[in-house]
Amino acid sequence: MAGRTGAQRPNGATQGKICQFKLVLLGESAVGKSSLVLRFVKGQFHEYQESTIGAAFLTQTVCLDDTTVKFEIWDTAGQERYHSLAPMYYRGAQAAIVVYDITNQDTFGRAKNWVKELQRQASPNIVIALAGNKSDLAQKRMVEYEEAQAYAEENSLLFMETSAKTAMNVNDIFLAIAKKLPKNEGGGPAPSRPGGVNLNSQQTQQSEGGCCK
Amino acid sequence: MDEEEGGDKMKVGVQGTSADIGDNNINTDCDDPMSTGDISVQMEHVETLNSKIDDNQQTDGSGVTKKTSAALPDSKDSKLCGWLHITTNKGPLKINRLRWFAYSDTNSRLYFYRNPHDFLPLGEIDISHATFYFDPSKTDKPGGFEIRSENKDYYLEAPDRAVMMFWLQELQKRRRSHATQRNSDFLPYKSQRPSSIGGLSQAKSRAGAPDQCETKKDNSEIPEIPTSENMGVRRASLDEWRSSSGKPSLLTQSSLKSDIQDVMSNIKKQSNQGRRSVISSSPSPSAEDWTLLDQPSRQRTSGDLSPPIRSGKIVTAFNKLKVGVRRSKQIDEPVCQPGVCFKCKQLQNEVCVLQEEQSSTEDELLAHREIIRLHQKEVDYLRRELQTRFAETEQSEDGLHQMLKERDKHIVELEYCLTSANEEKAHALQKQRMLEEEVKSLKDQVTMLQHMLQAKDEVIVKLTNDMYELEKNNNDPHSSPKPSSPTIRKSVVFDTDTRELEKLRDMCSAYELQHKFLTKEILELNELRQRDNEQHKHLSMENAKLEAKYLQTKSKYLYLLQEMKQPVRDGESSSQTIISQLLTDAIQSDDDLDEQEHFLTSSGQEYDIYGFVKKYDFESGEFDPVTLEAQKLERKSTEMSDKAKRQDEELSHQVKWENYMMAQAGKPLVRSQELKAMVRSGVPHEYKEVVWKECSNFHIGADRDKLGPHYYKQLVSKSNSSSHDPSSKQIELDLLRTLPNNRHYATVDSPGICKLRNVLLAYSWHNPSIGYCQGMNRIAAIILLFLSEEEAFWCLVAIIDYIMPADYYSKTMLAAQADQRVLKDLIQEKLPRVASHLEQYSVDLSLFTFNWFLTVFVDNIPIETFLRIWDAFLFEGSKVLFRFAVAFFKYVEEDIMRKKNTLELNHFMRIMGEKITDVQRVAQIAFHTVNPFPMRGIASKRQFYLLQVKGELAELDKIRKDLYSKHSLTKTHEDFSDDDLLD
């Protein structure tokens, strides 16, 4: 049932391991989290993407050299009051994309907070990527590339400026995450926190194959 | 018209007075001259019927006016004219108007005018081909009759039956006379034609001569008509008419009857005479009395023969004519004699001499001048003819032969004319016969009615006798106390008799009416049937098309199966190609199918009634076009079959609501078990506004009144004046991201956007502790689809402040989170299989159900489904949310059980809402299957989890505070504004 013919399958690897990762998108409201996901999953873009309430769940598969990586994407709501729900979504996540809007300095500050919280609260080995979205609006830029770059290096984050509208760097950032994720059997570390999601039980069943032709 | 009434004209007025009254009637009472019952018959000739008709007129109210106006320049004929009501069918309307009708003899047409002075007729009826009919049963319109002509029906109405009969008989006569006239017209026409070709002027002159003589005679004799003789004729004809038409007239007033008869007989006589004069051209004594149609004949001859030139010389020509003719005849014999001109000169000299003579005897000539003038042109013709004749004879004798041939030809033509005329005559006779039959049938009807009357009389007599007998019987025992006179009883009996009669009459007329109605009904039904047939045909054609398509699909399917069944030889190339071709076919045929869909739904819009874009390609993670197509088609088919299935149910439901709303009629909503059940089965689209409004009012109660009637407007103006607050910022961000697939919220200019902004801003000012929470935008947008802006605001207030528990949309969304745990418990309780299955694969349903609760199910759920939930939610409260959430899981229970891994399950949970298409079924589950569903249990669970979540959030908050305070030490800015503080 899951995507047999990924419209966005960047690579055409044939055989190998299948890894499944939970990825969460965090960031201020209207920075373009849903748009990034939509671009990545369906290759679409809507100027007015319906505002996310709670969270949205999507999946996408990318194929690396010998590994098929299945992303289980949780796209969260941006409004501040929904932040109290965030732990439900980033709990057990192996990857996170923290998104800010390059035309809005506040969203960058908010992103930094998210990074902090993830580093503290989420899985210890979580791969965090920082995405400076809306790079097509460079003439309205408020957050300098270098500033964000420096911050990312400082916190050992993946960093890209993306544009869901033009699709710039959208697939790349997901691919970069897929590459950085540990591909050992099981696909991810055991949950660090009590009450976290136990992924082990089903991830061993993922060897059925055939999901990626 | 007054000017015309001189000399030999006279008028018999309705009231026996002068023409002024009649004119007054026409001029002033033009709108309703019928009330005076004025029928005028204009006659050309003198009629000294004064005294007699006066007598008659005075006795009967309805007048028949005979108006004579001889000097009308353009109407030399006797005129049949008068006021009649005409009923015209203009579309669905039947317009009954009073019109001035005038019959024209020249073309046998009945023209009608707004008033007699008009020049242009409003319409015309061709009488020559018309049939007449009147309905004796129409007692309410005794004067109504029908003319059917040229496939059209004209309903005319005279003031009473007598006048109607006059009109009908008159029209019949005129039609007959016109028919004969038409036939006779052939003869003069054909005889004239050769003359115009040339060479036969003699024949023409011969034919013309008697005409002229006759005319002359007529002219001279017209003034000499003795009135007494006229009277005699009239009387005689009256008697004749009476004796000939022994038909008992329907007229009741004898005086009127006789009057009408008089008039009619006169007209009849007139027309007969006139016709005869035309046909035979033989003047008879009676024809001289009535030169009804002689005048036109004179006109005709004069028109043919007299050119406008009138010179003094030609006047004398008549005198020379005979001489000239004679001489020319003499000349005819010596054909080749030269010196014709000389003789002519001699003749002219003679003429000169005669002219001198004539001047001396001018007095005598004056008497004959008229005749001379009429003949002078003829003379010219003759002369010219003679000259040409001479020239011709000089040239060759062949001309004569030719002429002879031509004459033969002419004879043949004439014969042909004769036969055709005869045919025409036969035709006319046939027509007459038919009319006679008509009359006969009418007579039969009358006799039948008489019989009926007789039978009724008998019945009455019998009944009377019975009654008498009965009364006698009755009276016998009481004879001693009631020795009352039998006369009273008799009168009573008589009274009952008459009443009985009346009743029977009423019945009779009622039956007639019924008959009429049924006839009409049959026609109408026939038409309806025809229309239905057409529709049926159309639909069956559609059906055939669809069936063809279906069969095609089926054949493809079978073909495919067959292909699959065959063992793979030579690789799989053949089946592969077939399959791929079928696949492309399947995708292509979608376009046709879409057209079909447009056609079938007839709305064909891309939006549904709520303004949502119609979509069938739901998010399903499926990217294969064929699979997507298949899913799309499957959805369509279920939607259509559901619709078909529910049609009856929905209809009765609709009726229920209609009745309820009728009874409700603006009164505030009263909560009742009955209404609850009705709301649970859905509020029809047209009543949603009222019901939702009433529901929100019910929840808010008196609080709304406390805030005053202008509360909303105040809030809007307040929010407009001060724009900077975090809520308004977020609202602006979300406006265009609210239901983007609904056309009411599609663009910045869409009407919904402005309302949505106002409502959300107003709420953020109304309740600053909540302000704006994402999710409220969807709720407000849905409300605005049905309610006005202000009512939508109050409905939003009702939902957030009254229906939902506190802290649902607050900065922590505490209650909303707590509710998810309550739901989890309920699922565990009601659907333990599902709960353990989800548990097994570590799927947290609250991640998906949170949206449902926060947006009242406005989240990837079919519109019809969530609107049904809304109806019950607004009426009953937040418990409905749990009911439906559990019902959803029940609805897809088997689907969930089939999913065997986390990813699939998560994915299924994401699209689960879309699957809930059968509203009826899910409602059934929500309100029946999941019962018992006690609110008390939910409330206590809420209480419990509220505390639990509060504790967790406090912990989280502490961690965050810790985190950010450390962060803020190192970093410069920290606007941790409103959200994460717990109160």
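Chain identifiers are assigned alphabetically (A, B, ...) following the order of the sequence lines, protein sequences preceding nucleic acid strands; residue numbering begins at 1 within each chain.
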A/W74 side chain near B/N906 side chain, heavy-atom distance below 4.5 Å: yes

Separation of B/Q817 CD from A/S84 OG (nearest 0.5 Å): 4.5 Å

Separation of B/K729 NZ from A/D106 CG (nearest 0.5 Å): 6.0 Å

Polar side-chain atom of A/Q79 near backbone of B/Y772 as donor-acceptor pair, under 3.5 Å: yes

Non-hydrogen side-chain atoms of A/N113 and B/L963 separated by less than 4.5 Å: no

Heavy-atom pair count under 4.5 Å with chain A, highest-scoring of B/N851, B/V843, B/N777: B/N851

Heavy-atom check, side chain of B/S846 versus side chain of A/M88, under 4.5 Å: yes

Contact class of B/L905 relative to chain A, heavy atoms under 4.5 angstrom: neither

Under 3.5 Å side-chain donor-acceptor pair for A/E50 and B/T738: no

Main-chain N/O of A/T52 paired with B/R737 side-chain donor or acceptor, under 3.5 Å: no

Interatomic spacing from CD1 in A/I53 to CG in B/N860 - rounded to 0.5 Å: 11.0 Å

Within 6.0 Å of CE in B/M897, more than 12 heavy atoms from elsewhere: yes

Exercise: identify the closest heavy-atom pair between A/A55 and B/R910: O-NH1, 4.5 Å

Residue pair A/E117 / B/L956, side-chain heavy-atom distance below 4.5 Å: yes

Pairwise side-chain contact, A/S29 with B/Q730, heavy-atom cut-off 4.5 Å (strictly under): yes

Residues, nucleotides or ligands: over 12 heavy atoms within 6.0 Å of B/E839 CD: no

A/R81 side chain to B/Q774 backbone, donor-acceptor under 3.5 Å: no

Selection from B/D844, B/L847, B/L733, B/L854 maximising heavy-atom pairs under 4.5 Å formed with chain A: B/L847

Heavy-atom side-chain proximity of A/Y82 to B/F850 below 4.5 angstrom: yes

Nearest-0.5 Å distance that lies between atom CZ in A/R120 and atom CD1 in B/I959: 5.5 Å

A/F57 side chain near B/H907 side chain, heavy-atom distance below 4.5 Å: yes

Flag, side chain of A/S51 to backbone of B/D734, donor-acceptor distance under 3.5 Å: no

Set of residues satisfying side chain to side chain contact (heavy atoms under 4.5 Å, CB included) with respect to A/T107, sequence neighbours excluded: A/E28, A/V31, A/Y100, A/D101, A/N104

